[in-house]
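Note: hydrogens, waters and symmetry copies are ignored here, and every other heavy atom, side chains too, is used.
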Amino acid sequence: MHVTRLAEARTVLTDTRYVPAPVPQDGREGTLAWLRGQVSRFSTGDTHARRRRAVVERLAAIDPAGLRSAARAMTVERGGTWRGVPAQVLGAALGVKDTTAVPAAASGYLTGEAGPEADAAVAALLDQADLPAVTLLLQAHAATEGLIENALTHVTWDSGRPSAQRLSAAPRSARTGIDVEALLHETLRHDPPLKATRRLDTRTGDEVTIDLVAANRDPDVFPDPDRFDPTRGPAPHVTFGHGVRPCPAPGHALALAAGVLEGLL
Ligand code: HEM
């Protein structure tokens, strides 16, 4: 089943009879396969609830405003080389000093495609932090960088200076000329970094694909859905999931992305 309408997407994501496909539980301790067997993202029921509580608790101790200013400062300090900034800033908040292993560990996190490099990267992170902290870093990495990358496609650069032509209708901040919040909110709806999420129907065994791009452009909910319009304001999109297991960190994700964009723009 392929879900493309917003209401149906929300219904499936709220119904506990739809679960993430189980992942192998026999990975050697400390490898990526093992880690996938330990995290909330791929678990269900009470196990999911318990593991989710652990990451939510860890997130509660991190102030999004602090992430934003640290991401802005680091982006400026690096002269605009922003890749790796979200992971490094979040890592610092979680007590992980060296986040260079994050991209390699994160690359197979969702797909399960692991190799010696990913396993070594997971080991390097587990040497520095416990499982909830490593989970947060791996969940955050690709989605947050994807959001920044997608937002930047809506900014045009005029002789090295950012220009907000396509955001002309949006309220602007005096300093940058671009309203970073408006840019991010509409980017989340229009270009979600995670295009789809999948569930297994426990009654039939069928796979269900929730098409987040299509649901976010449901013509019954969003007028002129394909148009990128930062004046819409926060929209009821499903980019951060919904229901039983939505992303627990939308505020942290937005803060990291906003900080990087402020540093760039
Ligand atoms: C723009 C950036 C982000 C997007 C679009 C995003 C999106 C999502 C989505 C859609 C899910 C649910 C997946 C499902 O259907 O099961 C999810 C789960 C999760 N996200 Fe995010 N995320 C982002 C950034 C972050 C960040 C920065 C963190 C951590 C600081 C984070 C931590 C998590 C965790 C721990 C889960 C698993 C929750 C659970 O198992 O109950 N995410 N995210």
Residue pair Trp82 / Leu152: nearest heavy atoms and the distance that separates them
NE1-CD1, 3.9 Å

To check you understand the geometry: which heavy-atom pair defines the closest contact between Ala114 and Asp119, and what is its length?
CB-OD1, 4.3 Å

Leu254 CG to Thr144 OG1 distance, which is reported to the nearest 0.5 Å
9.0 Å

Mind running side chain to side chain contact (heavy atoms under 4.5 Å, CB included) on His141 and Tyr109 for me, showing each step along the way?
CA-CA 11 Å; His141 171 67; Tyr109 176 78; over 6 Å; no

Say whether, by atom type as modelled, one donor and one acceptor occur between the side chain of Thr209 and the main chain of Asp211 under 3.5 angstrom.
no

Gln25 and Arg36 side chains, donor-acceptor separation under 3.5 Å
no

Salt-bridge test for Glu181 and Arg68: reply yes if a basic N is under 4.0 Å from a carboxylate O, no otherwise.
yes

Contact check, side chains of Pro192 and His237, non-hydrogen atoms, under 4.5 Å:
no

Are there more than 12 heavy atoms of other residues, nucleotides or ligands under 6.0 Å from atom CG of Asp46?
no

To the nearest 0.5 Å, what is the distance between CZ on Arg10 and CD1 on Ile210?
13.0 Å

Connected via hydrophobic side-chain network under 4.5 Å: Val213 and Met1:
no

same_hphob_cluster(Val244, Leu59) at 4.5 Å side-chain heavy-atom cutoff
no

Would you mind reporting whether Arg78 and Gln88 have side-chain heavy atoms less than 4.5 Å apart?
yes

Is it possible for you to check whether Arg189 lies under 6.0 Å from the centre of the six-membered ring of Phe222, through NZ or CZ, and within 45° of that ring's axis?
yes

Would a 4.5 Å heavy-atom cut-off, applied to side chains only, mark Val208 and Val3 as touching?
yes

When the side chains of residues 125-135 are checked against the rest of the protein, which donor-acceptor pairs come out under 3.5 Å, sequence neighbours left out?
| residue | atom | partner | partner atom | Å |
| --- | --- | --- | --- | --- |
| Gln128 | OE1 | Lys97 | N | 3.2 |
| Gln128 | OE1 | Asp98 | N | 3.0 |
| Gln128 | NE2 | Asp98 | O | 2.8 |
| Gln128 | NE2 | Ala124 | O | 3.4 |
| Asp130 | OD1 | Arg58 | NH1 | 3.2 |
| Asp130 | OD1 | Arg58 | NH2 | 3.4 |
| Asp130 | OD1 | Ala133 | N | 3.3 |
| Asp130 | OD2 | Arg58 | NH2 | 2.5 |
| Thr135 | OG1 | Leu131 | O | 2.6 |

For the residue pair Pro230 and His185, establish whether any side-chain heavy-atom pair is separated by less than 4.5 Å.
no

Side-chain contact test, heavy atoms from C-beta onward, threshold under 4.5 Å: evaluate it for Leu261 versus Leu183 and give yes or no.
yes

Check for a donor-acceptor pair, side chain of Asp218 on one end and backbone N or O of Leu6 on the other, with a separation under 3.5 Å.
yes

Are the side chain of Arg245 and the backbone N or O of Ser40 linked by a donor-acceptor pair below 3.5 Å?
yes

Smallest heavy-atom separation, Pro20 atom then Thr44 atom, equals CD-CG2, 3.7 Å

Asn216/Thr239 under side chain to side chain donor-acceptor pair (under 3.5 Å): CA gap, chis, key distance, verdict:
CA-CA 8 Å; Asn216 282 358; Thr239 297; 2.8 Å; yes

Quick check: is Val102 connected to Leu194 through a chain of hydrophobic side chains (ILVMFWY, heavy atoms under 4.5 Å apart)?
yes

Looking only at heavy atoms, the pair that brings Leu256 and Pro86 closest together is CD2-O, 3.9 Å

Of the non-hydrogen atoms in Gly251 and Pro64, which two are nearest, and what is the gap between them?
O-CB, 3.9 Å

So does Glu149 pair up with Arg83, basic N to acidic O under 4.0 Å?
yes

Are Leu265 and Val76 grouped together when hydrophobic residues (ILVMFWY) are joined by side-chain heavy atoms under 4.5 angstrom apart?
no

Under a plain distance cut-off of 3.5 Å, with no hydrogens placed, do Arg203 and Tyr18 share a side-chain donor-acceptor pair?
yes

With the side chain counted from C-beta on, respond yes when Pro248 and Arg52 share a heavy-atom pair under 4.5 Å apart, and no when they do not.
yes

More than 12 non-hydrogen atoms from neighbouring residues, nucleotides or ligands closer than 6.0 Å to CZ on Arg28, yes or no?
no

Gap between atom CG of Leu264 and atom OG1 of Thr81 - 0.5 Å precision:
9.0 Å

Quick check: do Val89 and Met74 have side-chain heavy atoms less than 4.5 Å from each other?
yes

If you measure from the Lys or Arg side-chain nitrogens to the Asp or Glu carboxylate oxygens, is any gap between Arg17 and Asp201 under 4.0 Å?
no

Check ion pair Arg199-Glu207 (N to O, under 4.0 angstrom)
no

Side-chain ion pair, Arg217 and Asp226, N-O less than 4.0 Å
yes

Can you tell me if Asp229 and His190 form a side-chain donor-acceptor pair at under 3.5 Å?
no

Within one Ile-Leu-Val-Met-Phe-Trp-Tyr cluster: Phe228 and Leu147, side-chain cutoff 4.5 Å:
yes

Could you check whether any side-chain heavy atom of Leu67 comes within less than 4.5 Å of a side-chain heavy atom of His252, counting everything from C-beta outward?
yes

Write down the atom of Gly27, the atom of Ala33, and the distance for their closest heavy-atom approach.
CA-CB, 4.1 Å

